[in-house]
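Okay, so here's the structure we're looking at.
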Amino acid sequence: TKPRLAVLFLVSVSAGGFLSSLCQPDPLALLHALVGTLLTAASASAFNHYLERHSDRNMRRTADRPLPAGRLSEREVLAFGFTSGVAGIAYLVVTLGWWPVVFAGLSWAVYVLAYTPLKSRSHWNTHVGAISGALPVLIGASATGSHWQPAAALFCILLLWQFPHFMAIAWLYRKDYAAAGLKMSPVVDPSGRHAGLQAVVCALMLLPLSFLAATGHFPAWDAFLFMSLALLLGTAQLACAIAFCLQMNDTTARLLLRASLVYLPSLLILLMALPLF
């Protein structure tokens, strides 16, 4: 079920719910959104494991997953993916209505039916996968609130953040991806320049977007504090992306990866916590 990825989805749902309700979400509605998202995310990960079972055998980082390692059968994985997916969609329909279902179903479909097959066909797979990774924000927003501007800004933040994050990962594991026949950007362009430029451009675009997320969400002083901290976080991530682009190696890639892992949780915590103080 890729627990770390599921945690990111759940945090995104929570952030979307907080922002769209101006930090006053209905706790029960938010809980329903989290449960439904958890089930559909588990289903998407299971189908991803099934579809990538052969390429996973050729990568060190995935060779110990349940299917290539033989701990589960293909039938078991498909049964789990189908059951959890149907349960998640049904749960969201019954508890929250159709809009959360639309966004959850779209995220599932993009991840399983578009992103996963594209990984072996085109380096554009990251662009498609980024959409799936950002959609959980809209599940939370549609479940708990009606203020769409901050939630839409957060959707764009999640979309763009994935490029510095995943380009660093793709560089670090480029040999694994090449061995598995997956066309990540550093595999198609071994120099890594294309990946580095994407990381820089998206890290740069995150600076104004983080300000947009605060518009209408914070009182004046809180907005100033948030923007100052967001600028600090964003500038640090941008500096790491520039270093990665200028000097493509594992050291700069790991630095960018760590910066991205600090940037997003910190920004989400600020967006959700500052209005409470």
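Here the closest non-hydrogen pair linking Tyr115 and Gly129 is CD1-CA, 3.6 Å. A pairwise comparison of heavy atoms in Ala104 and Thr40 identifies CB-OG1, 4.3 Å as the closest pair. Nearest approach of Leu135 to Phe155, heavy atoms of both residues: N-CE1, 3.8 Å.
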Quiz item: For Leu268 and Leu154, what are the C-alpha separation, side-chain angles and deciding distance, and is it a side-chain contact (heavy atoms from CB on, under 4.5 Å)?
Solution: CA-CA 9 Å; Leu268 294 179; Leu154 185 58; 3.5 Å; yes
Self-check item: Worked check of side-chain contact (heavy atoms from CB on, under 4.5 Å) between Phe82 and Leu78
Solution: CA-CA 6 Å; Phe82 179 79; Leu78 287 174; over 6 Å; no
Exercise. Apply side-chain contact (heavy atoms from CB on, under 4.5 Å) to the pair Gln162 and Thr126, showing each step before the final yes or no.
Key: CA-CA 8 Å; Gln162 293 176 74; Thr126 304; 5.9 Å; no
Quiz item: Should Leu118 and His123 be marked as a side-chain contact (heavy atoms from CB on, under 4.5 Å) after you check the CA-CA gap, both sets of side-chain angles, and the distance that decides it?
Solution: CA-CA 8 Å; Leu118 268 178; His123 70 278; over 6 Å; no
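Side-chain contact between Phe226 and Leu267 is present, with heavy atoms from C-beta onward closer than 4.5 Å.
If you check the side chains of Asp26 and Thr144, you find no donor sitting under 3.5 Å from an acceptor. Looking only at atom types and distance, the side chain of Trp171 has a donor-acceptor partner in the side chain of Asp250 under 3.5 Å away. Between the side chains of Ser45 and Asn48, not a single donor N or O lies within less than 3.5 Å of an accepting N or O.
With rounding to the nearest 0.5 Å, the separation of CZ in Arg57 from OG1 in Thr62 is 10.5 Å. Distance check, rounded to the nearest 0.5 Å: CZ of Phe244 to CG of Leu238 gives 13.5 Å. In this structure, CG in Leu38 is found 7.5 Å from OG1 in Thr1, a value given to the nearest 0.5 Å.
Using a cut-off of 4.0 Å between Lys/Arg side-chain N and Asp/Glu carboxylate O, Arg65 and Asp56 are scored as salt-bridged. With respect to Arg71 and Asp64, a salt bridge is recorded, a charged nitrogen being found less than 4.0 Å from a carboxylate O.
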N/O donor to acceptor pairs below 3.5 angstrom from side-chain atoms of residues 254-265, sequence neighbours left out:
| from | atom 1 | to | atom 2 | distance (Å) |
| --- | --- | --- | --- | --- |
| Ser260 | OG | His165 | ND1 | 2.9 |
| Ser260 | OG | Leu257 | O | 2.7 |

Donor-acceptor pairs under 3.5 Å, side chain of residues 27-37 to any protein atom, not counting sequence neighbours: which ones?
| from | atom 1 | to | atom 2 | distance (Å) |
| --- | --- | --- | --- | --- |
| His32 | ND1 | Tyr91 | OH | 2.8 |
| Thr37 | OG1 | Ala33 | O | 2.7 |

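Identified under the side-chain hydrogen bond (donor to acceptor under 3.5 Å, both in side chains) test for residues 191-200, with sequence neighbours left out: His127-Gln198, Ser185-His194, Asp189-Ser191, His194-Gln198.
Both the sub-6.0 Å distance and the 45° axial angle are not jointly satisfied by Arg174 relative to the ring of Tyr177.
Looking only at distances, a side-chain donor or acceptor of Glu76 sits under 3.5 Å from a matching main-chain atom of Ser73.
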